[in-house]
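To start, the structure itself, in structure tokens.
Letters A, B, ... are given to chains in the order of the sequence lines, protein chains preceding strands, and every chain is numbered from 1.
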There are 2 protein chains.
Amino acid sequence: MDREETWPRVSGGRSATLKDVAGAAGVTTTTVARVLKESGYVAESTKARVLEAVATTGYRPNSLARSLRQSRSHVIGHLLKSTVPNPFYVEVARGAEEEARTRGYTILTANVQHDAETERRAVETFLGWRADGLVFSTPSDPANVEYAQSLGVPTAQVERPRSLVGHRLVVRNYPSAVAAMRHLVEFGHRRIAYVGAELLPEDGPAALFGYVERERFGAWRDVIRDIGAATEGLARFGEAYTIDQPTAQGHGYRATQALLQAADRPTAIFASNDILAAGALQAIHEAGLRCPDDISVVGFDDTLAGFLTPLLTSVRLPARRLGATAVRLVIDEIEGKGAPDQHLALDAELVLRRSTATAPTRR
Amino acid sequence: MDREETWPRVSGGRSATLKDVAGAAGVTTTTVARVLKESGYVAESTKARVLEAVATTGYRPNSLARSLRQSRSHVIGHLLKSTVPNPFYVEVARGAEEEARTRGYTILTANVQHDAETERRAVETFLGWRADGLVFSTPSDPANVEYAQSLGVPTAQVERPRSLVGHRLVVRNYPSAVAAMRHLVEFGHRRIAYVGAELLPEDGPAALFGYVERERFGAWRDVIRDIGAATEGLARFGEAYTIDQPTAQGHGYRATQALLQAADRPTAIFASNDILAAGALQAIHEAGLRCPDDISVVGFDDTLAGFLTPLLTSVRLPARRLGATAVRLVIDEIEGKGAPDQHLALDAELVLRRSTATAPTRR
DNA sequence: CTGAAAGCGCTAACAT
DNA sequence: ATGTTAGCGCTTTCAG
């Protein structure tokens with residue numbers, strides 16, 4: 001009587017079931033279900049009694065039972081290649097979760113590193129939970145996508161598709177990369193280096209996902225050609241997403257170091273992601289040069305840009321929308337609306353900051 | 001006969017059940033279950049037949065049905081406050097998933113921003129799926145932790161607990177913060193500024209989670225006192241985890257700007273996280289000064305350190321272990337091993353890089 | 001407007 | 001060494 005507060009619960013520690021609610025309200029489980037789903041005719045008086053019973057018993061629907069009965073889990077499995085530290089994927093995950101929530105779905109996430117085997121196990125786990133759909137951001141092995149798809153489970157591949165089956169969502173890198181290059185050209189730069197990831201062959205298995213690097217590099221090459229400038233020795237390829245743990249230095253740093261030692265060094269660097277650009281800034285600083293006074297730098301992805309010195313001009317990817325759209329396509333397919341195997345391209349956007357400026361006059 | 005390959009499946013598109021396997025093997029579901037669980041006696045010959053049937057039908061256990069039947073989902077809900085961009089939480093998530101996987105559990109993740117209401121909804125979702133335990137990294141509202149706990153669901157709070165119930169995992173910030181300060185002192189610094197988050201009152205609701213900032217600040221204050229140096233005007237508090245979107249500038253930048261304008265400016269800055277340190281480096285650069293020649297900087301968390309110029313000396317948090325340990329404590333409690341309400345503290349580690357050097361001789 | 005009954009796929013106690 | 005049976009909590013006909 002004088003107890004402070006008590007959580008509504010069924011005695012015994014187990015949580016209340018429909019039956020408990022029905023018992024408390026003096027009706028059957030069918031009626032309770034009708035009230036909760038707001039479907040079918042229920043007398044106002046019984047409805048009130050049921051609602052009260054729901055409150056006092058602390059009833060919470062059991063998603064397990066519902067999913068089993070309906071053969072529909074309302075679960076979307078999300079395989080995230082969360083290359084640490086990449087805020088891009090965090091944003092993709094957020095977009096995915098928001099979209100899923102508004103549509104009454106739950107997202108199950110698995111952080112897959114670069115590994116095909118871990119990815120396969122994650123797919124198995126998701127299918128074990130009878131996930132209604134799968135989102136790969138991004139896939140490690142096309143076989144895993146095709147496996148799910150062959151089982152009739154809708155899939156979407158985000159940013160770097162590896163298979164032609166299921167939905168594919170890509171980023172239109174080329175226009176914004178061209179914009180970044182033109183931005184440099186407008187500042188009078190003609191000697192612009194490219195520091196990026198290794199290009200993958202246009203045919204063969206890498207054809208699909210290699211488009212990212214090809215578009216970024218293509219923009220560099222095309223603009224350089226347009227202005228009739230030189231390219232020799234100015235394109236440097238290497239491992240783009242990791243940095244050595246002990247030295248904290250990677251391809252961006254080393255490539256820039258090499259570029260700066262050349263007799264005719266570039267006045268600007270176009271890096272194919274922010275991690276590489278960060279390395280470029282470190283090398284520039286160590287060489288006793290200043291960005292953007294001596295050399296301009298643009299990055300890509302806009303992940304680290306706001307934290308670097310100087311603030312980095314970069315291209316922002318539509319991460320959140322990528323995640324949300326992937327989930328939307330998958331749910332639409334699950335629910336029988338919308339065409340399968342859609343292929344969408346989303347736009348990126350150049351964000352101007354402080355790392356670009358007028359090219360220094362010729363030494 | 002000449003079909004290339006066919007995915008093992010039961011006709012009709014639905015996935016195979018125990019019954020399908022049993023039918024194919026000419027036994028009952030019980031026997032199949034026994035073979036799959038490797039428990040009880042099964043004749044070698046039947047075992048072989050069953051295994052073959054499993055393969056040809058493409059049987060995959062239904063976790064939904066199993067969980068419902070056992071009243072144990074083997075699911076851990078993980079509420080992640082993924083303040084973008086914070087690789088710390090990504091690492092916590094990885095640690096949690098690895099531990100869960102090795103113990104046969106699945107992690108359900110929800111990215112909760114700073115929001116108590118979103119967190120509450122996520123808890124509801126997890127409980128709807130009958131999660132066996134919950135990990136808060138970190139909680140937004142103590143009521144949500146207490147709610148789960150009151151329902152008999154084991155919880156763990158990571159890094160910044162807000163409630164005294166359930167397991168709590170904290171980081172021992174003080175010793176490594178002192179180490180960072182002593183490192184500066186050994187380089188001859190005496191005028192060391194503190195740039196950090198607002199301190200929270202030691203009593204009241206913030207007492208619990210405010211320890212992080214109090215320990216970091218306390219280390220600064222204690223070492224400064226030990227060496228008998230000045231503190232006036234050298235501690236700057238503000239919003240520590242976000243930066244303005246348009247200007248990409250935050251407290252770290254502005255506080256440092258102010259410190260540098262003072263007549264007797266500090267020779268070193270102790271920032272209470274890497275985001276603040278990044279801002280400090282930006283301000284130092286813009287003021288025409290050089291780090292570490294003119295001014296040294298140390299950060300905390302080691303999230304951005306490897307990407308900054310110069311490479312930042314910072315304190316690394318045991319993120320992965322935090323996630324793994326939280327999951328371990330929760331699972332142990334679920335399985336009835338290990339004490340409830342444990343309170344563990346994990347150590348952090350100073351990582352020396354390039355942003356600290358000998359103090360400049362007095363101007 | 002409400003109830004009875006079957007069954008989603010699995011497990012576990014109890015036979016045989 | 002294998003089978004029978006009941007039931008986890010819910011939804012969904014089908015009756016009334």
Side-chain angles (χ1 to χ4, degrees), chain A residues 9-10 12-51 53-54 57-75 104 127-132, chain B residues 9-10 12-51 53-54 57-75 104 127-132:
Chain A
R9 262 214 275 171
V10 171
R14 60 171 249 285
S15 48
T17 71
L18 265 194
K19 213 164 152 189
D20 295 321
V21 178
V27 293
T28 61
T29 59
T30 317
T31 306
V32 178
R34 265 195 276 264
V35 172
L36 293 178
K37 296 190 68 183
E38 303 183 6
S39 77
Y41 297 90
V42 182
E44 278 304 323
S45 59
T46 36
K47 189 169 173 177
R49 253 186 310 135
V50 166
L51 255 20
V54 166
T57 53
Y59 174 72
R60 185 193 328 283
N62 185 325
S63 304
L64 258 20
R66 194 179 74 120
S67 297
L68 179 61
R69 175 60 231 240
Q70 297 189 137
S71 303
R72 286 276 274 68
S73 63
H74 292 264
V75 162
L127 296 179
W129 285 100
R130 294 304 184 264
D132 294 331
Chain B
R9 262 215 275 171
V10 171
R14 60 170 250 286
S15 48
T17 70
L18 265 193
K19 215 165 152 187
D20 296 320
V21 178
V27 292
T28 61
T29 59
T30 317
T31 306
V32 178
R34 266 195 275 264
V35 172
L36 294 178
K37 296 189 66 183
E38 304 183 5
S39 76
Y41 296 91
V42 183
E44 278 305 322
S45 58
T46 37
K47 188 168 173 179
R49 255 185 308 136
V50 166
L51 256 19
V54 166
T57 54
Y59 173 72
R60 185 191 329 280
N62 185 326
S63 304
L64 258 20
R66 193 178 73 119
S67 297
L68 179 61
R69 175 60 232 242
Q70 297 190 139
S71 304
R72 282 284 314 287
S73 64
H74 291 264
V75 162
L127 295 180
W129 284 99
R130 296 302 185 265
D132 294 332

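Across all strands, Thr46(B) comes closer than 4.0 Å only to sugar-phosphate atoms, never to a base (heavy-atom distances). Base contact: Thr30(A) has a heavy atom under 4.0 Å from a base atom.
In terms of phosphate contacts, Thr31(B) brings a side-chain nitrogen or oxygen within less than 4.0 Å of OP1 or OP2 of dG3(D). OP1 or OP2 of dA12(C) sits under 4.0 Å from a side-chain N or O of Lys37(B). An OP1 or OP2 oxygen of dG9(C) is reached within less than 4.0 angstrom by no side-chain nitrogen or oxygen of Thr17(B). For Tyr41(A), no side-chain nitrogen or oxygen approaches OP1 or OP2 of dG3(C) to under 4.0 Å. Phosphate contact (OP1/OP2 of dT12(D), side-chain N/O of Gln70(A), threshold under 4.0 Å): present.
The distance between atom CZ of Arg72(A) and atom C1' of dC8(C), rounded to the nearest whole Å, is 14 Å. What separates NZ of Lys19(A) from C1' of dC8(D) is a distance of 10 Å, to the nearest Å. A straight line from CG of Leu18(A) to C1' of dG7(D) spans 16 Å, rounded to a whole angstrom. Spacing between atom CZ of Arg66(A) and atom P of dG9(C) amounts to 17 Å, rounded to whole angstrom units. Rounded to an integer number of Å, the gap from CZ of Arg60(A) to P of dC8(D) is 19 Å. The distance from atom CG of Leu64(A) to atom P of dC10(D) is 10 Å, rounded to the nearest whole Å.
Thr29(B) places no side-chain N or O within donor-acceptor distance of the main-chain N or O of Leu18(B), the cut-off being under 3.5 Å. Between the Thr57(B) side chain and the Val21(B) main chain, no donor and acceptor come within less than 3.5 Å of each other.
Here the side chain of Asn62(A) is nearest to one of dT11(C), dT4(D), dG9(D), namely dG9(D). Among the nucleotides dT2(C), dT11(D), dC8(C), the one closest to the side chain of Val42(A) is dT2(C).
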Between Arg72(B) and Asp132(B), does the side-chain contact (heavy atoms from CB on, under 4.5 Å) criterion hold? Intermediate values first, please. CA-CA 7 Å; Arg72(B) 282 284 314 287; Asp132(B) 294 332; 3.3 Å; yes
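From Leu68(A), atom CG reaches atom OG of Ser73(A) across 11.0 Å, with rounding to the nearest 0.5 Å. Atom-to-atom distance recorded for Arg66(B):CZ and Trp129(A):CH2 is 7.5 Å, nearest 0.5 angstrom.
Residue order along DNA chain D, read from the 5' end via each residue's closest nucleotide, puts Ala43(B) first among Ala65(B) and Ala43(B). Residue whose closest nucleotide on DNA chain D sits further toward the 5' end, between Arg69(A) and Ser71(B): Ser71(B).
Between the side chain of Arg34(B) and the base of dG3(D), at least one donor-acceptor pair of N or O atoms lies under 3.5 Å.
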